[in-house]
Amino acid sequence: MTAGAPVSLRSARWFGGHDVPGFVHRSAMRASGFSRRSFDGRPVVGICNSWSEVVNCNMHFRGLADSVRRGVLAAGGLPLEFPTISLGEQLMKPTTMLFRNLMAMDVEESIRAYPFDAVVLIGGCDKTTPAQLMGAASADVPAIVLTGGTAAPAVFDGRQLGVGTDLWEYVDQVRAGTMSLADYDRLEAAAGPSVGHCPEMGTASTMAAIVEGLGMTLPGAAAIPATDSRRLQMAELVGSRAVEMAHEQLRPSQVLTAEAFDNAITLMLAVGGSSNAVVHLLAIARRAGVELSLDRFHELSARTPLVVDVRPAGQHLVEQVFHAGGIPAVLKALEPLLHTDAVTVTGRTVGEDLPSHVPDSDVISTLDAPFQGPQGLAVVRGNLAPDGAVVKCSAATPALLSHRGPAVVFEDMADLMARYDDPDLDVSADSVLVLRTVGPRGAPGMPEWGQLPIPTKLLRAGVTDMVRISDARMSGTAFGTCVLHVSPESAAGGPLGLVRDGDVIVLDALAGRLEMEVDDDELERRRRTTTPRRARPARGYAAMYVDHVLQAHVGCDFDFLVGRSDDPASEPAGVFDGWVGGW
Ligand code: FES
């Protein structure tokens, strides 16, 4: 080897030495066809690709990775693409949330185990983006994200659809008998016209926006549609920037600060983003060593109005947000609420990268003329959720945000499925539907079951929304007055497990209150006679998950994964590192 990699580069540990380990590492790469020039000290950029044929939203990532590779080469780096587990919302059972932490471990350990000086993280479908951020935050090697962009909008019978938001509507129409099964089949064929993630501000688009709000991607990257050539152009720029970040040693720990999380939460609220992002942001923050609490979401929500008219809270799709200026324009609209001195992966501050103005459109407004007022999201607490729960007010029926009604309790999902259709179910429009044993440990994996179906007899009577409470999550595209993420969950001994049919429940979302009108003595009596219901899987990953998953109010990470490993000395020695001497 003519020149060792600069010692400041991590890859020098693999390729820089004139010794046995250096020989073994270089010859292994040369066996793959890399010439000696590849090891002349240029930064090695890992391209962490969540492409998978079973994740339709991420099916175009090979093309994106090729563009990233072009950018890395143009900037003088060595691109090395690697796979990880990928998580597809539509096919993966029982729920992708069960595997988010597994993917985060895969990403972190792949970054730590291989000779990367920087990584480009290519994610898209809901959990892939937070998993990559969690892993990268813990590894703390320079990292930049490239999300995959939204799918082309579907059109059905002349109506432009959002995949999730409209699907729920049509499901209810089929149940109510107002849509035929033949039409439902036609909808199935039309619902997904291209690769890319869901086209409304569901969880995937929310997380993509959050990546930009956190400063973890280049300005303007989040909202470019998946099939627009500008996404490939952006991929190339991201690849080049990764090489520069390796030289600058600009690490996630310098970007993922408390200020960056405030910015991301403000952005999430301003676009009416998915409640799932609350759980993911809490987890990412704790990986980054940032003390982010659930209450911070309520505080920021109280001052942040909805300034983007995008589904599900508004009318447009993310593609229209892109054409109206994208996330940079939204951030410009939010400028007075942002920490503009936060540093991003560009190496500049948020303020330095803001556009000069918000372009005129009917999609992105200003703080002075928002589409909805503040408090699109509320955090509620009380004797039913001592550690908090979340209500997405922007997706709820305003009149139900303050409500008092008797509980109708379902023990678990099987109980709900068995009874919600029952014409004899003792339920009225004022009832509060309670579903338990669907949290992180209980389900396990905290699936998106929090939008409980309206009991069929009420649906047929014209009831479209009710107060629903669970320890589950809800799809980012769903509607309804749903109290989600109740913490602690029933399976962890939370008071949700103590509710009985007929108990009066009081919700005052804007005041942050969720109570059951049952006195403390009675609750204590019930607690003594109630065993939390949860079945621990006998073996494997699911057993580890149940043993180690934390509650929703701290992000559902594993207890042993919180924090980061930012001390290079803590990186493990390799099998050949025991060899001494050089030549
Ligand atoms: Fe993949 Fe919606 S199903 S983003």
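Remember, it's a predicted structure, so these values are computed and weren't measured experimentally. Hydrogens, waters and symmetry mates play no part in the numbers below; they use all other heavy atoms, side chains included. Numbering of ligands and ligand atoms starts at 1, following listing order.
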- Message: Quick check against the 3.5 Å criterion: does D140 have a side-chain atom that pairs as donor or acceptor with the backbone of S253?
- Response: yes

- Result for side chain to side chain contact (heavy atoms under 4.5 Å, CB included) between V363 and one of H323, Q315, Q320 points to Q320

- Message: Can you confirm if the aromatic rings of Y545 and F558 lie within a centre distance of less than 6.0 Å?
- Response: yes

- Return the set of protein N, O or S atoms whose distance to atom 2 (Fe) of ligand 1 is under 2.8 Å, each given as residue and atom. C198 SG

- Item | Between CD on residue E448 and OG on residue S470, distance to nearest 0.5 Å | 11.0 Å

- Could you tell me whether a side-chain N or O of E212 sits under 3.5 Å from a main-chain N or O of A222, the two making a donor and an acceptor? yes

- Please work out whether the ring planes of F99 and Y541 are parallel, tilted or perpendicular, with thresholds of 30° and 60°. parallel

